[in-house]
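The basis for the numbers below is simple: all heavy atoms, side chains too, and nothing from hydrogens, waters or symmetry mates. Since the structure is predicted, the reported quantities are computational estimates derived from the model, not experimental observations. Lettering follows sequence order; numbering is per chain, from 1.
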Amino acid sequence: MTIHRVMRLLILIVGVHPLMPLNAEDLIPIADLVNKGRRYDQQKVSIEGEAVGDIMVRGNGSWVNVLGPDGAVIGVFCPGDLAGQVRRLGDYFHRGDMIRVSGTMYRFSPLFGGETCIVADGISVLNAGTTIAHPLAPLRIMVSIATAIGSITSVLLYRRVIRREER
Amino acid sequence: MISSHTGKILCGIALLFAIPIVTALFCGEWSPIPDFIIGFNACLMSGILFLALGRGSRGQLRWIHSMAIAAFSWFLATILCAIPHCLSGHFASYLDCMFDVMSGFTTTGLILILDLDHVSHALNMWRHLLTYVGGQGMIVLVLGFIMRGTAGAYMMYVGEGKDERLLPNVIHTSRAIWMISIIYLVLGTAALWIVLAREGMAFPRTFLHALWLFMGAWSTGGFAPQSQGMLYYHSYPVELATLVIMLLGSFNFILHYAVWSGNAKEMFRNIEIRSFTVTASLTFVVLVIALIISGAYASPLTLFRRASYLLISGHTTTGYMQVYANQLVMDWGELATIALTLAMVFGASACSTGGGIKGLRVGILAKGLYHEIKRISSSEDACFVTTFHHIRDIILTEQHVKMAGLIALCYLAVHFAGAVLGSLCGYPFVSALFESVSACSNTGLSCGITASGMPVALKIYYIFAMWAGRLEFISLFGLAAFAISVFKGR
């Protein structure tokens, strides 16, 4: 192997290494962390999911809530500015960033008042969040107009009947 | 007569649809607006139809009519107010929608909604509004602001599970209840807004979450805007603020009125507060012992924080949880589950937003037992009375004890039947009992049974249990009796 090839290989390893995925053997569904907390208590774990809601900055770090594909959600405490990589959070208008988090799982964290949570030591954004479209459904608009006409008609008819009876 | 009053109530409920529509407009959520317009029109047209059917009805409103009106209007409102839920696409079936609406109206808090973290602000506003209105009572709302005249008003007021008046006139009572609730709404929302802002949330989500958390806590409903519930905030100040609001919401409105009127001593003399203090203390001791045995929390402070919040949440029948549902049985253990179940059974105060058997009845039953023991252990010639203090000193009579006992028996029967049904559906008995009690006492704590995939029979039963528990059974008996009399042609 020539020196150039060795250099290229070294550059590849050094340059790509931080981007390489965390050890996939530790990837655990969030529902499992919640339901089998004893097994993973104070263990190094990795999870994947969508960052939702709010990033709540608190003193020496931030809280991010991660929604797994299984529908379970867990809180992740990100020390320092680790959460800064998360740009988009999931809500009605958006699908949040899909992130992979590695850290220590706590069944009842002594640091956070007994919370079930992960204290992160690494976050990587797998897919950036996207906008969720909520187009107005033409049929629904027509039904809402039709029912509105029905309401107005019924109110007017009722008032007319009442007035006739009063006379 | 039932028809015309039901129609008025539905027309009043229809007006509530305006609030989520305004929310959607402010938040730029155009897609949900037609959903709420359709719901509004359906509710209004149904109300007009019932008014039309009942026009020209003569005669006086009787108790059986009032009970039937209360039960029937709650049921119809549940069906109609579920329309926006169904159209949102966040529910697996219309039954699930009705489940969530009944859970909101009855201030239970059990939910079947899917993907709550991506729900519109309009739908979240609607969910929380239903629990806020349900806490005070939809009939109380209509009596306070829409109905003119008081003919039959008191009977309908009682039909909704309240039988105590703040003021001699029940219309004024209804308005006073709403005045108290709205004042607390402003103060409580402001307090939570400040707390959430300090905890790192950004505007306008701070305002909306503050408003919704207040509605959920004050109404002891337990709805939260995110799927994790209270776990979402990871915040002791938020827990503390909601704890105070829950306690306030669980107090009798008469007690609030008395204290506001300058009678602060009532807080210490009232039988409901004393009963609540005793039962909460006893169940708290059992819960702490259970948690020590389970070894879940190493630190006493952490144990106290977790146990006290969940105990108060259960006893006030709010349902906010800062632990995951499955952890209750798996990590806290069966003894802790039983302690929480007992707390839910005892419940909050009468004429409050809370559920359960209620502190007043528990206190009366305890006094009744004390009276019997004293009578048996005294000489035959002895003559004495037992009294209890509820705004004023009241002599305990057999009628008090009988009524308290009957209602308590109804609650226990529904709890047990739900536990048996849950067991038949394959769930462990303790878990099934916990969930059944949670539904009928309108608490909303869950050990994991309530989910979109639970059996249909259990969903239907829990809807019935929530409905029956909120209206304290008598209205449902009234509705059933009326239906039977109509069927028999009487």
Quick one, [X] and [Y] - any side-chain contact, counting heavy atoms below 4.5 Å?
X	Y	answer
B:Leu49	A:Ser154	no
B:Pro32	A:Tyr92	yes
B:His118	A:Val52	yes

* **Donor + acceptor pair across side chains of A:Asn35, B:Tyr324 (<3.5 Å)** => no
* Does any donor atom in the side chain of B:Gln228 or A:Asn65 lie under 3.5 Å from an acceptor atom in the other side chain? ->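 Yes - a donor-acceptor pair under 3.5 Å links their side chains.
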* To do: Could you grab the distance from atom CG of A:Asp54 to atom CD of B:Glu199, nearest 0.5 Å is fine?
  =>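 The CD atom of B:Glu199 is 12.0 Å from CG of A:Asp54, to the nearest 0.5 Å.
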* **B:Tyr94 atom OH: more than 12 heavy-atom contacts under 6.0 Å** => yes
* Asked: Does CZ in A:Arg58 sit with more than 12 non-hydrogen atoms of other residues, nucleotides or ligands closer than 6.0 Å?
  -> yes
* Do you know which of A:His94, A:His134, A:Arg107 has the most heavy-atom pairs with chain B at a distance under 4.5 angstrom? -> A:Arg107
* Where along residues 108-120 of chain A does a heavy atom come under 4.5 Å of chain B, listed by residue number? ->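 Heavy-atom contacts from residues 108-120 of chain A to chain B are A:Phe108, A:Phe112, A:Gly113, A:Gly114, A:Glu115, A:Thr116.
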* Sort out for me which residue in A:Leu136, A:Thr147, A:Leu139 forms a side chain to side chain contact (heavy atoms under 4.5 Å, CB included) with B:Pro34. => A:Leu136
* To do: Sort B:Asp117 into side chain, backbone, both or neither according to what part of it lies under 4.5 angstrom from a heavy atom of chain A.
  =>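 Both backbone and side chain.
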